[in-house]
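Presented below is the structure to which this report refers.
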Amino acid sequence: SFTGGGANSGAAAGSFTVDDANRTTNTDVLTLTHTTTDALFGGNAMGAGLLFRLEDNAGAISNAGRMVAEWEDSTAGSEDSAIGWYTRSGGAVLAEVARLSSLGRFRANAAESVPAEANYSILGSTNTGLLLTLTPRLALMIAGNERVQLAADGTAFWNVADAVTNTTTD
């Protein structure tokens, strides 16, 4: 059921409720669907999202944030999807700032390219920030250079990018 609170009621503008006997699994309360009139159907990067708009101090309604689910690969039967988060800074348009890939890899500052083996990364602009890679090894990258690497066998490497390698083992 849908209940509308009204524009001036002091309550939420609306709420959705599903009342069922399901106690141990999720129930979809709201479904967003995006289809296309294009004869080629959906393609890579097609998505559906939630756009958040707020009133600024001049009374203008502006886009403040967005969450999008989109196809990384739209091939029927082997679809891969991702979720992206968008914010704005300094009055600029919304830009993707984080992404969770179909493989469960999370990237903060999703505009940057991240090595395929990275499971989690935090990047500054133009790949100058910190990259933390969690795979069979742990790697720490600073300013675009891999500085520390810890392998699954306990071997540690320092200054990896400069080819000055100091190692130690357990």
Side-chain angles (χ1 to χ4, degrees), residues 1-76 78-134 139-145:
S1 67
F2 171 75
T3 305
N8 297 311
S9 70
S15 66
F16 296 88
T17 303
V18 173
D19 187 12
D20 62 18
N22 189 355
R23 298 179 354 165
T24 58
T25 60
N26 294 317
T27 297
D28 293 330
V29 176
L30 177 65
T31 300
L32 303 176
T33 302
H34 175 194
T35 60
T36 179
T37 57
D38 189 302
L40 298 176
F41 304 108
N44 295 351
M46 180 179 179
L50 294 171
L51 177 63
F52 301 91
R53 304 186 78 208
L54 303 172
E55 181 179 19
D56 65 19
N57 70 353
I61 303 297
S62 300
N63 296 340
R66 185 176 190 216
M67 187 169 53
V68 174
E70 66 182 28
W71 291 132
E72 292 178 317
D73 180 351
S74 64
T75 305
S78 63
E79 299 90 346
D80 295 326
S81 63
I83 297 176
W85 289 269
Y86 295 70
T87 61
R88 68 187 288 175
S89 178
V93 299
L94 292 174
E96 188 174 78
V97 295
R99 172 173 287 267
L100 181 62
S101 78
S102 61
L103 299 175
R105 295 180 176 139
F106 180 79
R107 295 184 294 177
N109 194 355
E112 295 297 329
S113 127
V114 176
E117 72 273 11
N119 289 343
Y120 178 77
S121 63
I122 303 171
L123 296 171
S125 60
T126 63
N127 203 18
T128 59
L130 168 73
L131 172 62
L132 177 62
T133 303
L134 303 171
L140 177 63
M141 224 173 159
I142 301 173
N145 295 308

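If you read the sequence from its start, that first residue is 1, and numbering goes on from there.
Nearest heavy-atom pair, E72 versus S102, reported as atom, atom and distance to 0.1 Å: OE1-OG, 2.6 Å. Contact detail for G42 and S74: the closest heavy-atom pair is O-OG, 3.5 Å.
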Just distance, no hydrogens or angles: give the donor-acceptor pairs under 3.5 Å from side chains in residues 24-32, sequence neighbours left out.
residue: T25; atom: OG1; partner: N22; partner atom: OD1; Å: 3.0
residue: T25; atom: OG1; partner: N22; partner atom: ND2; Å: 2.8
residue: T27; atom: OG1; partner: D20; partner atom: OD2; Å: 3.1
residue: T27; atom: OG1; partner: N22; partner atom: ND2; Å: 3.3

Sequence neighbours excluded and cut-off under 3.5 Å, please list the side-chain donor-acceptor pairs for residues 80-95, or say none.
residue: Y86; atom: OH; partner: E96; partner atom: OE2; Å: 3.4
residue: R88; atom: NE; partner: A92; partner atom: O; Å: 3.1
residue: R88; atom: NH1; partner: N63; partner atom: O; Å: 3.0
residue: R88; atom: NH2; partner: G91; partner atom: O; Å: 2.9

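Counting only residues at least two apart or in different chains, salt bridge (Lys or Arg N to Asp or Glu O under 4.0 Å) contacts with residues 42-71 comprise E70-R99.
L54 is not listed as a side-chain neighbour of I61, based on a closest heavy-atom distance of 4.5 Å or more.
The neighbour count for F41 CZ, taken as heavy atoms of other residues, nucleotides or ligands under 6.0 Å away, does not exceed 12.
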